[in-house]
Protein chains: 2
Amino acid sequence: MGQEPMNMMMLNSKLYRNTQGYLDKALKKYDLSSGSFRYLFIMEENEGLSQSRISELIGHDKAMSARTITRLTELGYVVRIEDQLDSRAYKLYLTDKARLILPEIREEIKKLTGLITADLTEEEKEITLSSLVKILNKARELNT
Amino acid sequence: MGQEPMNMMMLNSKLYRNTQGYLDKALKKYDLSSGSFRYLFIMEENEGLSQSRISELIGHDKAMSARTITRLTELGYVVRIEDQLDSRAYKLYLTDKARLILPEIREEIKKLTGLITADLTEEEKEITLSSLVKILNKARELNT
DNA sequence: AGCATATAGTTGATTAGTCAACTTTGTATT
DNA sequence: AATACAAAGTTGACTAATCAACTATATGCT
């Protein structure tokens, strides 16, 4: 097997696509995807978020969030309630159907994270995680 | 600014999209993108590769490679020569136009890599890089 | 009050990428 | 030599994501 010289960004893009594909398969039985499940996690911890706020938190643009949330409501995982104080906005809430499956999904994520980091020591995991946070902060600066 | 708890995969996906967007802008003046420039790098070091071989090396499926390479030939960066020994296959070669811009592109990549890793020590960079390689190898196993 | 500007959300166009079906050609087996 | 199977490349359908344009409502300023 040949190799191209690896730098941080090539690694990142390969890793992204590999894990995304796996997650999509694992979440298919809930009709969720690697992109959509995180909305549920965030709504679980924050009742009544608006779409624009959740877009910020997830790091998607508002168009993506609108489409994802529409899909999640169609699937019965999320309800949109009109905001009494701002008639442009929705407040987002999880349904019981969503709360029921969230623990299973969390397990799937934990399982995948465990699988791909199996060859790392605890120290390597910590350093990698904190380095990625630093890198991400720099990367975000680029796009502003 | 609120934060969701970060795990490896969420970081990775955010990082992927942030760096991709930046690179796309940086490479736009060559009509290249974050996905296509790597084909040029690989062809530079490997004369006469087939599309299926380059797909393996890059980690894209052959459909993606076919489309990308078609575009690169339209742009005049790559030529497809029919393989004398296997009439199904092409052999791929860089043009002079491509060789001319490759050093500049390499600089762009180096610049971006430098920017996003600016807050890391040398040790952190090394550990992060080698950990990501380990993670990627595990992730690849998942999809086979 | 009236106007300008900002914000919430939606929609359409475009891009990167994957998967599956297909055509053509090569390889292996009998 | 015939048949079967594998491999190279293309095409079409689909998903995730972004950007830009738009509508409707809020907010701030004079």
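In what follows, every chain begins at residue 1, and chains take the letters A, B, ... in the order their sequences are listed.
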Completion exercise
Against the side chain of A:K62, the closest entry in D:dG9, C:dC19, C:dG9 is C:dG9
Completion exercise
Taking C:dT10, D:dA26, D:dG9 as options, the one with an atom nearest any side-chain atom of B:A89 is D:dG9
Exercise for the section: Answer with yes or no whether A:R88 presents, from its side chain, a donor or acceptor under 3.5 Å of a partner atom in the base of D:dA24. Expected result: no
Is any side-chain heavy atom of [X] less than 4.5 Å from a side-chain heavy atom of [Y]?
X: B:M8; Y: A:L132; answer: yes
X: B:E74; Y: B:R71; answer: yes
X: A:L23; Y: A:F37; answer: yes

Rounding to a whole Å, what distance do you find between [X]:[atom1] and [N]:[atom2]?
X: B:L15; N: D:dA17; atom1: CG; atom2: P; answer: 15 Å
X: A:L49; N: C:dA8; atom1: CG; atom2: P; answer: 12 Å
X: B:M64; N: D:dT15; atom1: CE; atom2: P; answer: 18 Å
X: A:Y39; N: D:dA16; atom1: OH; atom2: P; answer: 11 Å
X: A:N18; N: C:dG17; atom1: CG; atom2: C1'; answer: 12 Å
X: A:D31; N: D:dC14; atom1: CG; atom2: P; answer: 16 Å
X: B:R71; N: C:dT15; atom1: CZ; atom2: P; answer: 8 Å
X: B:I54; N: D:dT10; atom1: CD1; atom2: P; answer: 13 Å

Does [N] have its OP1 or OP2 closer than 4.0 Å to a side-chain nitrogen or oxygen of [X]?
X: A:Y16; N: D:dA17; result: yes
X: B:Y90; N: D:dT10; result: yes
X: B:S33; N: C:dT15; result: no
X: B:S36; N: C:dA16; result: no
X: A:R17; N: D:dA17; result: no
X: B:R67; N: D:dT11; result: no
X: A:Q51; N: C:dT10; result: yes
X: A:S87; N: D:dA24; result: no

Check every strand shown and say whether [X] touches a base, only sugar-phosphate, or nothing at a heavy-atom separation below 4.0 Å.
X: A:D86; answer: sugar-phosphate
X: B:R80; answer: sugar-phosphate
X: A:S34; answer: nothing

Problem - Note: B:R99-B:E47 ion pair, threshold 4.0 Å (strictly below) - result: yes
Problem - Electrostatic pair B:E124-A:K134, nearest N-O below 4.0 angstrom - result: yes
Problem - Donor on one side chain, acceptor on other, A:S65 and A:Y39, under 3.5 Å - result: yes
Fill in the blank from the handout: By nearest-heavy-atom nucleotide on DNA chain C, the more 5' of A:K25 and A:T70 is A:T70
Fill in the blank from the handout: Of B:S50 and A:G59, the one whose nearest nucleotide on DNA chain D sits closer to the 5' end is B:S50
